[in-house]
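Worksheet: one structure, shown below.
Just so we're on the same page: letters track the sequence lines, and every chain starts at 1.
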Number of protein chains: 2
Amino acid sequence: MSKIIGMRAGQLAKAADVNVETLRYYERRGLLPEPPRQASGYRIYPESSIDRLKFIKGAQALGFTLEEILDLLNMRLDTDANRTDVRKRAREKVNHIQEKIRALQEMEHALNQLISQCHGDGSAADCPILEAIPSFGTKDIDNEV
Amino acid sequence: MSKIIGMRAGQLAKAADVNVETLRYYERRGLLPEPPRQASGYRIYPESSIDRLKFIKGAQALGFTLEEILDLLNMRLDTDANRTDVRKRAREKVNHIQEKIRALQEMEHALNQLISQCHGDGSAADCPILEAIPSFGTKDIDNEV
DNA sequence: CTTGACTCCGTACTATACTACGAGGTTTAT
DNA sequence: ATAAACCTCGTAGTATAGTACGGAGTCAAG
């Protein structure tokens, strides 16, 4: 008797540090493909689901919406699109990501300014942050991927 | 007769590309300081409000919550905290930002992989993305600032 | 001196992304 | 074989971040 390899909802949820309900939610949203079922109806997830969930969580923390993440994940599956299209869309996403990186670097720089300007151990009343970064936020960073 | 310099809600909203209602919402949340009022009760915003709003919008697009942004903005105003504390908190935020940058760079790398692997002009069926980034998402990036 | 655009306020509604609930069936350890 | 633990589903509730509404007051142009 060969046992089907894979994990159940609870195990996956624990491994990826998400709520079990979130798995169903992502399945509905198309972020997590419908896994095979046991005779009982129980879902059996492959190990790779853990990485997929971590990818989703990571991308979210970077300001991508589930919609955008879906788009990222499905890029390779869009068989209607030809490779020229995929490359074009990928390049757009790269640009968008570079914008985000640039903005984060400005923020990092501003905080480092704050750290160096805010020396000694007195009151913090005069330590600036927004003032340290007049350039930040002047370029539009929207969430379009 | 000297006129009070500043802009009204509608002008600020337009300049910063946000909804007028959002201004009131941010005011309630403490993200936008309560501006002075005209005799009529109309708010008069200083020019600097535009930058503040753009900062907020930019930070949001990078995955920061309003709560976290408030924390960033108020860092310099926390007169209870001493400079040693502010520096410590700023360093934590810098680390967090560096994590985000690193993750975005991985994503960028993965997309560039996709672009180079997905050459020619045939079907996009076999162009990978998640597969191109086995390492992505293995390190936790939560939203704690 | 009126008309239209703008602003005020409280409150209610919406979208996104979960998260919980409850009734019932399944699996597993004792 | 039975109880604890787990899973199924639809549906309902929550948190965050706006966004809209509507009645009333204000301001500027004609």
Nearest to side-chain heavy atoms of B:S40, which nucleotide of D:dT8, D:dT26, C:dT19: D:dT26
Sugar-phosphate, base or nothing in reach of B:R24, heavy atoms under 4.0 Å: base
Distance-only donor-acceptor test, B:Y42 side-chain atoms vs D:dG25 base atoms, 3.5 Å: yes
Atom-to-atom span, CG of B:L66 to P of D:dA17 - whole angstrom: 4 Å
Out of D:dT26, C:dC9, D:dC7, whichever nucleotide has its closest atom nearest the side chain of A:A9: D:dC7
Length of the line joining B:L23:CG and D:dA17:P, which is rounded to integer Å: 16 Å
N/O donor-acceptor pair under 3.5 Å between A:K100 side chain and B:A61 backbone: yes
Cation-pi geometry met for B:K93 and B:F64 (6.0 Å, 45°): no
Shortest side-chain distance from B:E21, nucleotide among D:dG18, C:dC18, C:dG10: C:dG10
Atom-pair distance (CG on A:D17; P on C:dC18), nearest Å: 13 Å
Given D:dA20, C:dA17, D:dG18, the nucleotide with the shortest approach to the side chain of A:R29: C:dA17
d(CZ, B:R37; C1', D:dG25) in whole Å: 13 Å
Length of the line joining A:F64:CZ and C:dA17:P, which is rounded to integer Å: 13 Å
A:E47 and A:I50, any side-chain heavy atoms less than 4.5 Å apart: yes
Under-4.0 Å side-chain N/O to phosphate OP1/OP2 contact, B:K57 with D:dA17: no
Nearest-neighbour nucleotide for the B:R8 side chain, D:dA17, C:dT7, D:dT8 considered: C:dT7
A:R89 (side chain) donor-acceptor with A:T84 (main chain) under 3.5 angstrom: no
Atom-to-atom span, CG of B:N19 to C1' of D:dC21 - whole angstrom: 12 Å
Under-4.0 Å side-chain N/O to phosphate OP1/OP2 contact, B:Q60 with D:dG18: yes
Distance, rounded to the nearest Å, where A:E27 contributes CD and D:dC7 contributes C1': 13 Å
Interatomic distance where OH belongs to B:Y25 and P belongs to C:dT14 [whole Å]: 17 Å
Residue-phosphate contact under 4.0 Å: A:R43 side-chain N/O, D:dT8 OP1/OP2: yes
Main-chain N/O of B:R24 paired to B:R29 side chain as donor or acceptor, under 3.5 Å: no
Contact under 4.0 Å: A:T22 side-chain N or O vs C:dA17 OP1/OP2: no
